[in-house]
Amino acid sequence: MTSGVDKWFKIAVNIKYLDISTVLQIGQSFRWVYNGETNEYISSINLDHDKTFDIVKLKQDDKFMYYTSVNNNNNKQLLHTWVRSYFLLDIDRKQLFEHWKIKDPKHFSNLSHIEPLCSSCCILQQDPWETLLSFICSSNNNISRITKMCHTLTELAGDEIPNCDQLSPLYTFPNSGQIIKVLTESILRENGFGYRAKYIIETAKKIVDLKLKDGMMELSDSQYLKWKISGSPYLEAREFALAFSGVGPKVADCFLLMGMGYHDVVPVDVHVNRIAQRDYKITSGSSNNKKTQIAKLKLEYTKYPTTRRKINFDLDLIRLFFRDLWGAYSGWAQAIFFAKEVGSTSGIVDGSVSKRKLLIKTEDDNSAVTKRIKVK
DNA sequence: CAGGTC
DNA sequence: ACTGG
């Protein structure tokens with residue numbers, strides 16, 4: 001049943017620069033449910049990082065994004081603040097493009113390739129704790145299963161949220177205390193988490209222990225992570241993140257970029273690695289120059305034991321290459337190339353009909369063909 | 001084989 | 001190593 005009484009608020013956003021159907025489905029957030037009949041997205045959101053969740057709905061037309069909350073008080077001010085910070089609307093996307101066109105003209109000047117992807121040029125500022133767990137689930141995994149696992153996590157250990165117009169119930173994203181209280185490694189394995197089951201339990205345990213040790217038990221997990229990390233230089237923040245089980249350099253960087261606001265971080269996964277080698281001719285070999293760079297990094301990382309243990313220096317050099325090339329918002333630039341590279345499928349759940357495939361249109365999209373040839 | 005990690 | 005598409 002659809003209530004039809006939702007009071008929607010709106011905010012001016014040109015769909016050309018932020019298309020939520022792209023951004024919410026590209027594989028950085030995993031818990032938005034799309035309703036194909038109403039063209040709305042719905043999720044449970046921890047609006048101000050305290051203990052209460054709102055059920056938030058979003059939709060968009062050419063000029064506006066619309067938002068509402070169907071439970072609690074539909075607090076306009078709270079929602080408005082959250083929308084602005086979640087989509088980082090104060091960041092001038094146009095200006096970023098102008099900067100990248102200057103710094104990397106070869107790959108940014110031809111806007112006929114890039115323009116259709118502007119809308120995917122957005123890094124969401126997500127809930128830190130949820131981001132950490134989501135990307136622990138992401139390792140060696142596909143987006144549709146990651147999505148499923150994130151939802152399963154809420155069903156197994158979150159609280160059901162009373163709400164009026166959803167057929168299937170929605171749950172809060174579980175905090176560390178809930179996870180160690182109601183979940184075990186074997187329960188998670190039985191529910192399809194595979195070897196990541198252990199990482200999730202251990203990470204939840206570690207957060208509980210850290211909060212206890214720091215005397216910060218009253219903080220939510222996300223508040224604690226912010227208190228602990230915010231303002232730290234990247235290397236220290238990464239060292240802290242890498243200490244969690246199941247968190248390697250790639251997951252740590254996703255957490256820092258999308259959960260902690262380190263916008264200059266380029267997480268190096270297989271796709272970014274391929275882009276680096278194919279389009280930017282980053283050699284995978286071992287030139288003298290490269291050896292020198294790695295030696296320099298090793299020296300720099302002596303202060304960071306966990307980093308030294310877990311880092312892959314070749315991939316770390318790729319991260320630094322892109323950071324130096326694209327600058328303070330290099331993580332955002334990476335999102336564009338990531339979308340161009342893989343942007344054909346998403347595992348987002350369609351709450352009303354069936355799964356929906358996301359297609360990103362490019363001028364010369366041979367990528368689908370190219371991929372098939374490569375596979376064969 | 002999938003946005004890696006142990 | 002898990003596991004589903």
Side-chain angles (χ1 to χ4, degrees), chain A residues 22-30 120 123-124 126 131-153 184-203 206 238 241-259 265-278 305-316 318-319 322 331-350 354-358 360 367-368 371-376:
Chain A
T22 304
V23 170
L24 297 181
Q25 300 188 54
I26 198 65
Q28 50 173 319
S29 66
F30 301 99
S120 65
I123 292 295
L124 299 169
Q126 302 185 71
T131 306
L132 182 61
L133 282 202
S134 301
F135 281 95
I136 285 175
C137 294
S138 78
S139 70
N140 192 250
N141 206 348
N142 57 62
I143 294 176
S144 81
R145 185 150 80 116
I146 301 164
T147 301
K148 203 154 125 205
M149 286 159 73
C150 291
H151 278 111
T152 304
L153 217 44
T184 61
E185 186 184 331
S186 57
I187 292 174
L188 286 172
R189 278 184 174 272
E190 284 162 21
N191 282 278
F193 283 77
Y195 54 77
R196 302 162 201 84
K198 189 177 168 189
Y199 305 155
I200 289 165
I201 299 295
E202 287 182 351
T203 293
K206 185 171 168 107
R238 185 176 67 176
L242 285 171
F244 289 96
S245 174
V247 177
K250 194 273 176 180
V251 171
D253 282 349
C254 284
F255 163 66
L256 292 173
L257 173 65
M258 302 167 201
V265 175
V266 176
V268 180
D269 55 44
V270 286
H271 303 289
V272 173
N273 193 3
R274 188 188 321 117
I275 292 165
Q277 314 221 6
R278 184 193 60 205
T306 315
T307 303
R308 253 181 352 209
R309 183 160 57 83
K310 292 191 173 183
I311 205 74
N312 175 319
F313 285 98
D314 290 318
L315 299 182
D316 208 43
I318 293 175
R319 173 185 69 80
F322 283 126
W332 289 53
Q334 171 268 355
I336 295 167
F337 282 83
F338 183 82
K340 185 170 167 58
E341 192 74 9
V342 300
S344 53
T345 55
S346 153
I348 197 160
V349 180
D350 186 323
S354 59
K355 278 189 184 176
R356 179 187 188 228
K357 280 214 167 180
L358 172 73
I360 292 183
S367 56
K371 271 178 200 163
R372 279 177 187 276
I373 292 167
K374 265 184 198 158
V375 170
K376 284 292 166 190

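Lettering of chains follows the sequences in order, A, B, ..., and the numbering in each one begins at 1.
In the interface, the side chain of A:Y199 is not paired with the base of B:dG4 through any donor and acceptor atom under 3.5 Å apart. Below the 3.5 angstrom threshold, one finds no donor paired with an acceptor across the side chain of A:K250 and the base of B:dG4. Within 3.5 Å, a donor on the side chain of A:R145 pairs with an acceptor on the base of C:dC2, or the reverse. Contact annotation: side chain of A:N141 to base of C:dC2, donor-acceptor pair absent below 3.5 Å. For A:R189 against C:dC2, a side-chain-to-base donor-acceptor contact under 3.5 Å is absent.
The separation between A:E185 atom CD and C:dA1 atom C1' is 12 Å, rounded to whole Å. A:N140 has its CG atom 14 Å from the C1' atom of C:dG5, to the nearest Å. Rounded to whole Å, the distance from CD on A:E341 to P on B:dG3 is 11 Å. The separation between A:E202 atom CD and B:dC6 atom P is 10 Å, rounded to whole Å. With rounding to whole Å, A:F193 atom CZ is found 12 Å from C:dG4 atom P. We find that CZ of A:R196 is positioned 11 Å from P of C:dG4, with the value rounded to whole Å. In this structure, A:I143 atom CD1 and B:dG4 atom P are separated by 10 Å, rounded to whole Å. Between the OH atom of A:Y195 and the P atom of C:dG4 there is a distance of 13 Å, rounded to whole Å.
Looking at A:Q28, its side chain does come within 3.5 Å of a backbone N or O of A:L124 through a donor-acceptor pair. For A:T203 (side chain) and A:S245 (main-chain N/O), a donor-acceptor pair under 3.5 Å exists by modelled atom type. Under the 3.5 Å distance criterion, the side-chain polar atoms of A:R145 are matched with a main-chain donor or acceptor of A:G192.
Residue-to-nucleotide proximity on DNA chain B shows that, of A:F135 and A:K198, the 5′-proximal contact is made by A:F135. Summary of the strand contacts: A:G246 and A:C254 both lie near DNA chain B, and taking for each the nucleotide with the nearest heavy atom, the more 5' one is attributed to A:C254.
Heavy-atom minimum distance, A:R238 versus A:D316: NH1-OD1, 2.8 Å.
Side chain of A:V251, nearest nucleotide from C:dG5, B:dG3, B:dT5: B:dT5. Set against C:dG4, B:dG3, B:dT5, the side chain of A:H271 has B:dG3 as its closest nucleotide.
Residue-level contact check: A:Q334 touches the bases, meaning some heavy atom is under 4.0 Å from a base atom. Residue A:K310 is in sugar-phosphate contact alone, with no base atom involved, counting any heavy-atom pair closer than 4.0 Å across all strands shown. Counting any heavy atom pair closer than 4.0 Å across all strands shown, A:V247 reaches sugar-phosphate atoms only and no base atom. A:F244 comes within contact range of the sugar-phosphate backbone alone, with a heavy-atom separation under 4.0 Å but no base atom that close.
Residues A:F193 and A:E185 are not in side-chain contact: their nearest non-hydrogen atoms beyond the backbone lie 4.5 Å or more apart.
Nucleotide B:dG3: unpaired (no Watson-Crick or G-U wobble partner with both distances less than 3.5 Å). Across all strands shown, nothing is found opposite C:dG5 as a Watson-Crick or G-U wobble partner with both distances under 3.5 Å.
Under the side chain to side chain contact (heavy atoms under 4.5 Å, CB included) test applied with A:S29, the options A:T131, A:L24, A:V23 reduce to a single match, A:L24.
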